[in-house]
Amino acid sequence: QVQLVESGGGLVQAGGSLRLSCAASGVTFSSYVMSWFRQAPGKEREFVAAFELIRWSGRSTYYADSVKGRFTISRDNAKNTVDLQMNSLKSEDTAAYYCAVLQGVSSDYWDQQGYAYWGQGTQVTVSS
């Protein structure tokens, strides 16, 4: 059974940094996509970043335009986590952040409909 648990959210001033972690258990897929999405109050959930592991071709990362150059997604094999390092935070980054896993390979990594497993979310609040 796949379980995802996010941590690392909190309150930070604009321009600051936070690091989110998604601890995954039960993920035994040889190929998968682990992603971060976020949802601000009154808005739809949106894609933030994805880490893709494909058995025959290696790893790739993808980012939403709004976070490119500021956020970095990475996998910590020792801890079995997928982390999201968030730098130069802006007030518009305020949202609940969720990690999710998509089994297999998908070119639609940005589409939340393809993800079967989700964490409970962690709140990030950026004060201006």
Side-chain angles (χ1 to χ4, degrees):
Q1 182 178 356
V2 175
Q3 289 190 323
L4 305 173
V5 179
E6 302 97 334
S7 62
L11 174 65
V12 64
Q13 287 188 333
S17 299
L18 278 176
R19 188 176 184 88
L20 306 183
S21 286
C22 176
S25 60
V27 178
T28 60
F29 322 134
S30 57
S31 298
Y32 60 83
V33 181
M34 288 189 72
S35 295
W36 287 92
F37 289 80
R38 67 186 181 186
Q39 186 168 21
K43 295 187 177 181
E44 293 188 354
R45 190 175 299 184
E46 64 176 5
F47 169 76
V48 176
F51 177 92
E52 178 183 64
L53 177 66
I54 300 177
R55 184 179 59 183
W56 58 85
S57 65
R59 306 178 178 193
S60 300
T61 56
Y62 306 96
Y63 298 92
D65 288 343
S66 60
V67 306
K68 202 171 293 183
R70 299 188 298 122
F71 291 11
T72 302
I73 190 170
S74 61
R75 174 167 172 80
D76 187 324
N77 289 326
K79 297 180 180 179
N80 200 26
T81 62
V82 172
D83 299 336
L84 185 68
Q85 178 65 42
M86 306 185 295
N87 298 327
S88 302
L89 283 162
K90 306 175 181 179
S91 57
E92 51 262 44
D93 294 319
T94 295
Y97 283 70
Y98 300 87
C99 69
V101 171
L102 181 155
Q103 181 181 355
V105 178
S106 174
S107 60
D108 297 333
Y109 53 83
W110 45 267
D111 186 355
Q112 61 176 313
Q113 298 298 322
Y115 290 80
Y117 306 100
W118 291 83
Q120 82 289 349
T122 186
Q123 179 67 35
V124 171
T125 303
V126 184
S127 63
S128 56

Charged N-O contact under 4.0 Å between Asp93 and Lys90
no

Cluster question for you: counting only ILVMFWY and a side-chain heavy-atom cut-off of under 4.5 Å, with indirect links fine, are Val67 and Val33 together?
no

Within the distance-only criterion (no hydrogens, no angle test), does the side chain of Asn87 pair as donor or acceptor with the backbone N or O of Ser17 below 3.5 angstrom?
no

Would you kindly confirm whether Met34 and Tyr97 end up in one hydrophobic cluster when ILVMFWY residues are joined by side chain heavy atoms under 4.5 Å apart?
yes

Atom pair CG (Leu4) and CD (Gln120), whose distance is rounded to the nearest 0.5 Å:
9.0 Å

Test your reading of the model: is there a side-chain donor-acceptor pair from Tyr115 to the backbone of Tyr109, 3.5 Å cut-off?
yes

Return yes when atom NZ of Lys43 has more than 12 non-hydrogen atoms of other residues, nucleotides or ligands closer than 6.0 Å, and no otherwise.
no

If you compare all heavy atoms of Ile73 against all heavy atoms of Tyr63, which two are closest, and at what distance to 0.1 Å?
N-OH, 2.9 Å

Treat each ILVMFWY residue as a node, draw an edge where side-chain heavy atoms are under 4.5 Å apart, and state whether Trp110 and Leu102 are in one component.
yes

Value rounded to 0.5 Å, distance of CZ in Phe71 from CG in Leu20:
8.0 Å

Search all heavy atoms of Leu84 against all heavy atoms of Ala49 and return the closest pair with its distance.
CD1-CB, 4.0 Å

Gap between atom CH2 of Trp118 and atom CD of Gln112 - 0.5 Å precision
5.0 Å

If you round to the nearest 0.5 Å, how far is CG of Leu53 from OG of Ser60?
9.5 Å

Tell me the closest heavy-atom pair linking Gly9 and Val124, and the distance in Å.
CA-CG2, 4.2 Å

Do Leu89 and Phe37 share a hydrophobic cluster, counting only Ile, Leu, Val, Met, Phe, Trp and Tyr and linking them when any side-chain heavy atoms are less than 4.5 Å apart?
no

Do Val82 and Val27 share a hydrophobic cluster (ILVMFWY, side-chain heavy atoms under 4.5 Å, transitive)?
yes

Let me confirm one number: the CD-CD distance from Gln39 to Glu44, rounded to the nearest 0.5 Å.
8.0 Å

For a quick test of reading the model, state the closest non-hydrogen atom pair linking Ser66 to Arg38 and the distance between them.
OG-NH2, 3.5 Å

Nearest non-hydrogen partners of Asp76 and Ala78, listed with the distance:
OD1-N, 3.1 Å

Nearest heavy-atom neighbours spanning Asp83 and Trp36
C-NE1, 4.1 Å

Just by distance, do the side chain of Thr94 and the backbone of Val126 share a donor-acceptor pair under 3.5 Å?
yes

Evaluation steps, side chain to side chain contact (heavy atoms under 4.5 Å, CB included), between Asn80 and Arg75:
CA-CA 7 Å; Asn80 200 26; Arg75 174 167 172 80; 2.6 Å; yes

Please check: side-chain N/O of Asp108 versus main-chain N/O of Asp111, any donor-acceptor pairing under 3.5 Å?
no

Under 3.5 Å donor-acceptor, Tyr98 side chain and Glu6 backbone
no

